[in-house]
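Just so you know, these numbers come straight off a predicted model, no measurement behind them. Below, all heavy atoms of this structure are taken into account, side chains as well, without hydrogens, waters or symmetry copies.
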Amino acid sequence: VRFEQGPQLGAPRATHQLIAPGDGTLLAIGGCVAAGCEAGPASATIDIIDAASMTLVGQGKLRERRIQPSAVALRDGRVLILGGWVGGRVSATSEIFDPATGNSSVGPTMAGPRNGPAIVRLADGRVLIAGGYDGRDVRADAEIFDPMDNQMVRAGSLGDARSGATATLLADGRVLIAGGGLPDRAPQRALASVEIFDPVTGEFRIAAAMAQGRYKHGAVLLADGDVLIVGGSDERDYGGKLRSVERFDAKAGRFVPAGNLADPRFKIADGLLLLPGNRVLVAAGDTAPEIFDVASGRGERIDYDLGGQWNYMTLARVDARTALLAGGYREGRIEPTDRSWIIHLPKG
């Protein structure tokens, strides 16, 4: 794996989203753009990056200035963008960005405000949105966005209210929702509990728990159908960053210890990428990326200085040989960056 400097973003961004809609571009969406992770005019913009040349080629516009929005690419190339912080409050609104026009249209309003929900596109193209933080407490309710009729439909409830959980689409079409908790206000709590959503029945089922309660962690689907749960933090937040890695054995339906990262890392949900050879690139959360080898259960730092210990970086694959890592804020000083890094991947 080789890193090099990538295009300068149109603004410093952190808690943003980086989406590959499938049209040959990458979209860096919203986020905090000022020190302290505050909003600014650029929080309502989208940087459009040409994936072939890795250059900034345009800028789209959001309807609202969003910090920490959630975003999912739809099958038709549009992008669903929802929730996050708008005007100092958690938002219940959504919008749909069309890369063809560079503009957003009003989407359906959610059942309530959500920041940090578990969100994933289902195998049939619909989008599951579960839990999140509403500005006062964590939510347990879930809903599904159907792009065919542009509607949000109630979809049952989680067994445990949670924010900052990961949602991973399993090979059989179900969704593994792991960890999370209440990371946004005191008393903070990190959950070890895990649930599985079945889109056929529309129900959430409690699954075997992880060994460690964690939030602001990462998850990646492995080639064999298992799910790797990486790092995060316990209820101490900055003071409880984790090195531990667990693997969900999809056939057995339980978690097993999987080893440790080289460095404790959190705020890494959008900073993981599966590599050939059953290895995982963990790019966010420290001054250097690392590669975790599933077979040995060990992480090894890459000899590359990112120039800061960045949190809330985003990572998106362009093709089999290239990915882009973008933005994040510097831990301690909470300074967003406009830097990005092109990642050259090994042959599979």
Side-chain angles (χ1 to χ4, degrees), residues 1-6 18-20 22 26 51-52 54 120 123 166-176 178-179 210-212 214 217-232 241-306 310 313-326 328 340-348:
V1 177
R2 183 169 59 86
F3 283 71
E4 67 171 302
Q5 284 295 317
L18 187 65
I19 297 291
L26 295 168
M54 284 295 185
V120 68
T166 51
T168 307
L169 185 66
L170 300 174
D172 61 8
R174 297 179 301 157
V175 178
L176 183 78
M210 297 182 289
Q212 170 71 57
R214 64 182 81 222
H217 53 287
V220 62
L221 182 69
L222 301 176
D224 63 1
D226 288 357
V227 179
L228 205 66
I229 304 293
V230 179
K241 290 192 283 188
L242 302 168
R243 294 177 57 225
S244 65
V245 179
E246 302 185 48
R247 178 172 57 84
F248 177 70
D249 185 325
K251 291 181 180 177
R254 62 185 179 89
F255 281 87
V256 295
N260 289 288
L261 297 172
D263 299 290
R265 300 172 186 260
F266 82 146
K267 299 181 179 177
I268 59 173
D270 299 309
L272 274 63
L273 187 67
L274 181 64
L275 301 175
N278 213 22
R279 299 178 302 155
V280 175
L281 173 65
V282 186
D286 212 311
T287 56
E290 66 178 273
I291 293 177
F292 180 81
D293 181 74
V294 177
S296 67
R298 295 176 57 189
E300 184 174 346
R301 285 173 69 94
I302 295 173
D303 185 19
Y304 184 84
D305 185 1
L306 291 168
W310 307 107
M313 303 175 93
T314 53
L315 174 59
R317 185 187 289 273
V318 173
D319 52 36
R321 299 299 307 278
T322 314
L324 185 70
L325 178 68
S340 76
W341 297 263
I342 300 168
I343 307 172
H344 299 277
L345 305 171
K347 291 182 179 180

| said: Atom CZ of residue position R243 - does it have more than 12 heavy atoms of other residues, nucleotides or ligands inside 6.0 Å? | reply: yes
| message | For F292, give me all partners under ring pair (Phe, Tyr, Trp, His ring centres under 6.0 Å), at least two apart in sequence or on another chain. | response | none
| query | Considering the options D270, L274, I268, which one meets the side chain to side chain contact (heavy atoms under 4.5 Å, CB included) requirement together with L272? | reply | I268
| request: Please assess I343 against L315 for the test side chain to side chain contact (heavy atoms under 4.5 Å, CB included), listing each intermediate value before the final yes or no. | output: CA-CA 9 Å; I343 307 172; L315 174 59; 3.4 Å; yes
| Nearest heavy-atom neighbours spanning V1 and P346 | CG2-CD, 3.8 Å
| For Q5, does the CD atom sit with more than 12 other heavy atoms under 6.0 Å from it, leaving out its own atoms? | yes
| request: Take atom CZ of R298 as the centre, draw a 6.0 Å sphere, and report whether it contains more than 12 heavy atoms from other residues, nucleotides or ligands. | output: no
| Are E300 and D293 close enough, and set up right, to give a side chain to side chain contact (heavy atoms under 4.5 Å, CB included), and what steps lead you there? | CA-CA 8 Å; E300 184 174 346; D293 181 74; over 6 Å; no
| message | Checking side-chain polar atoms at under 3.5 Å, does S296 have a donor or acceptor matched by the opposite partner on R279? | response | no
| query | Between H217 (side chain) and L242 (backbone), is there a donor-acceptor pair under 3.5 Å? | reply | no
| Are T166 and V227 side-chain neighbours, meaning at least one heavy-atom pair lies under 4.5 Å? | no
| query | Can you tell me how far OG1 of T322 sits from NE2 of H344, rounded to the nearest 0.5 angstrom? | reply | 6.5 Å
